[in-house]
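Reckoned from all heavy atoms, side chains included, excluding hydrogens, waters and symmetry mates. One-based numbering, in listed order, for ligands and for the atoms of each.
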Amino acid sequence: MNILIMGPAGAGKGTISERILKEYEIPHISTGDMLRENVRNNTPLGQEAKGYMEAGKLVPDDVINAMVEDRLQQPDCQKGYLLDGFPRTLVQAEAFTEIAEKIGKPVECVIALDVDFEVLVDRITGRRICSKCGAIYHIPNHVPQVEGVCDECGGEVVQRKDDTVEQLKVRMEEYENNTKPVIDYFEKLGVVKTFDAARPSDEVFGDVKSTLAQFE
Ligand code: AP5
């Protein structure tokens, strides 16, 4: 199954991806997570990406395209992929189409999550993540059992540096200007399915699951 998941910051891409992975054996490739790992490990790629990410800006296309091209050629992608947060620009969309053809895995479904800005502000400022396994929490809606400690792995639960209202505005601008045209690009290929993601995640996932059933 070859899937992309798209939507603005806080739409629930990570949350819905976690649920999809419990149902299907495909790798979850989140460019945001890959970049944050590079920043944590202080790699040359991480050093280049850090400033852009903390400001809420997009990291340059050539950096991202090379990173994803390499990842999609790993053996586990022969089963398919769940790509989260990529492509986010038309340049990335064109590069992705070429890579997907090269590995013989064209995209079958683009899950587009749709949510209003006001809802996103609450989700983003309330979000906490495990610094070790990436599990997602929300204060006060989904708190870990012990404050600051991940239920899944015992790792430290922290707030992302870009999860402020200011940075969210920049990320939304980037989304409107660069990523919405990517959804239009995939609309023309007839592969986009749009979901109202302002609803509780169980409801959103229920609809996503029914849609994905046709690609099994
Ligand atoms: P990335 O990590 O991809 O961040 P993002 O797109 O801003 O998305 P988020 O991770 O913030 O949101 P999400 O939709 O996954 O929401 P979540 O499920 O956690 O990218 C970060 C940065 O990396 C970018 O700004 C950029 O600099 C760089 N980057 C990454 N990819 C790039 C690319 N391709 N090109 C260039 N640069 C790139 O949910 C949020 C919160 O809401 C959680 O607390 C959750 O519990 C809660 N929640 C979720 N769903 C629901 C629901 N249905 N009801 C109630 N609460 C919910």
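- Remark: minimum distance from atom 49 (C) of ligand 1 to any protein heavy atom is reached at Thr15 OG1, 3.3 Å.
- When non-hydrogen atoms are compared, ligand 1 lies under 4.0 Å from the backbone of Pro8 (N, CA, C, O) but not from its side chain.
- For the pair Pro87/Phe186, a side-chain contact is recorded, criterion being any heavy-atom separation below 4.5 Å from C-beta on.
- When the heavy-atom distances from atom 10 (O) of ligand 1 to Lys13, Lys57, Gln92, Arg160 are ranked, the shortest goes to Arg160.
- Residue Pro200 has at least one heavy-atom neighbour below 4.0 Å for each of these atoms of ligand 1: 53 (N).
- For atom 31 (N) of ligand 1, the nearest non-hydrogen atom from the set Thr89, Asn65, Thr31 belongs to Thr31.
- No donor-acceptor pair closer than 3.5 Å links the side chain of Lys193 to the backbone N or O of Val208.
- Residue pairs meeting the salt bridge (Lys or Arg N to Asp or Glu O under 4.0 Å) criterion with at least one partner in residues 158-172, sequence neighbours excluded, are Glu54-Lys161, Arg127-Asp163, Arg160-Asp162, Asp162-Arg171, Asp163-Arg171.
- Remark: minimum distance from atom 9 (P) of ligand 1 to any protein heavy atom is reached at Arg127 NH1, 3.3 Å.
- Remark: minimum distance from atom 3 (O) of ligand 1 to any protein heavy atom is reached at Arg88 NH2, 2.4 Å.
- When only interatomic distances are considered, the shortest N/O to N/O separation between Gly14 and ligand 1 falls below 3.5 Å.
- At the shortest separation from atom 7 (O) of ligand 1 among protein heavy atoms lies Arg171 NH2, 2.8 Å.
- Contacts of Arg199 with ligand 1, taken as heavy-atom pairs under 4.0 Å, involve the backbone alone.
- Using a 4.0 Å heavy-atom cutoff, Gly7 is absent from the residues neighbouring ligand 1.
- Under the 4.0 angstrom criterion for non-hydrogen atoms, Glu174 is not in contact with ligand 1.
- Looking at Glu216 and Tyr24, their side chains come closer than 4.5 Å, going by heavy atoms from C-beta outward.
- Side-chain contact between Ile20 and Leu212: present, with at least one pair of heavy atoms (C-beta onward) separated by less than 4.5 Å.
- Only the side chain of Ile136 comes within 4.0 Å of ligand 1, counting heavy atoms alone; its backbone N, CA, C and O stay farther away.
- For a threshold of 3.5 Å applied to N or O pairs, the pair formed by Ala11 and ligand 1 contains at least one separation below that value.
- In this structure, the side chains of Thr31 and Asp84 stay at 4.5 Å or more apart for every pair of heavy atoms.
- Remark: ligand 1 atoms within the under-4.0 Å shell around heavy atoms of His138 are 44 (O), 46 (O).
- Of the N or O atoms in Leu58, none lie within a sub-3.5 Å distance of an N or O in ligand 1.
- Leu21 CG to Ile16 CD1: the interatomic distance, rounded to the nearest 0.5 Å, is 11.5 Å.
- Looking at heavy atoms from C-beta onward, Thr211 lies in side-chain contact with Phe195 at the 4.5 angstrom threshold.
- Tested against Thr89, the residues Asn177, Asp61, Thr179 include a single side-chain hydrogen bond (donor to acceptor under 3.5 Å, both in side chains) partner, Asp61.
- Residue Tyr52 has no nitrogen or oxygen atom sitting less than 3.5 Å from a nitrogen or oxygen atom of ligand 1, judged on distance alone.
- For the pair Glu174 and Leu58, the minimum side-chain heavy-atom distance is below 4.5 Å.
- Using a 3.5 Å distance cut-off with no hydrogens or angles, the side chains of Asn65 and Gln92 do not pair a donor with an acceptor.
- Thr43 contributes no side-chain N or O that, together with a main-chain N or O of Val39, makes up a donor-acceptor pair within less than 3.5 Å.
- Between Thr97 and Glu94, the side chains place no donor N or O within less than 3.5 Å of an acceptor N or O (distance only, hydrogens not considered).
- Counting protein heavy atoms only, atom 44 (O) of ligand 1 is closest to Tyr137 O, 2.8 Å.
- Between Gly85 and ligand 1, an N or O atom pair is found at a separation short of 3.5 Å.
- Between Ala55 and ligand 1 there is no heavy-atom distance shorter than 4.0 Å.
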Anything under 3.5 Å between a donor and an acceptor, one on a side chain of residues 101-122, the other on a protein residue two or more places apart or in another chain? List them.
unit_1 : atom_1 : unit_2 : atom_2 : d
Lys102 : NZ     : Glu69  : OE2    : 2.7
Lys105 : NZ     : Gln78  : O      : 2.9
Glu108 : OE1    : Asn2   : N      : 2.7

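- Here the side chains of Cys150 and Tyr137 are in contact, with some heavy-atom distance below 4.5 Å.
- Contact record, Val204 with Arg199: CG2-O, 3.5 Å, taken as the closest heavy-atom pair.
- In Leu35, the part holding a heavy atom less than 4.0 Å from any atom of ligand 1 is the side chain.
- The single protein non-hydrogen atom nearest to atom 22 (C) of ligand 1 is Met53 CE, 4.1 Å, given as residue, atom name and distance.
- Residue-level proximity to ligand 1 for Asp61 is absent, since no heavy atom of it falls below 4.0 angstrom.
- Distances from ligand 1 to the non-hydrogen atoms of Asn141 include no value under 4.0 Å.
- For the pair Glu23 and Lys209, the salt-bridge criterion is met [side-chain N within less than 4.0 Å of a carboxylate O].
- Taking a cut-off of under 4.0 Å to the non-hydrogen atoms of Arg36, the atoms of ligand 1 that pass are 2 (O), 21 (C).
- The shortest contact between atom 12 (O) of ligand 1 and any protein heavy atom is with Gly10 N, 2.9 Å.
- Near Ser201, the atoms of ligand 1 lying under 4.0 angstrom from a non-hydrogen atom of the residue are 52 (C), 53 (N).
- For ligand 1, the atoms closer than 4.0 angstrom to any heavy atom of Ile124 are 11 (O).
- Under a 4.0 angstrom heavy-atom cut-off, Arg128 registers as lying outside contact with ligand 1.
- Protein heavy atom closest to atom 41 (C) of ligand 1, with residue, atom name and distance, is Arg123 O, 3.6 Å.
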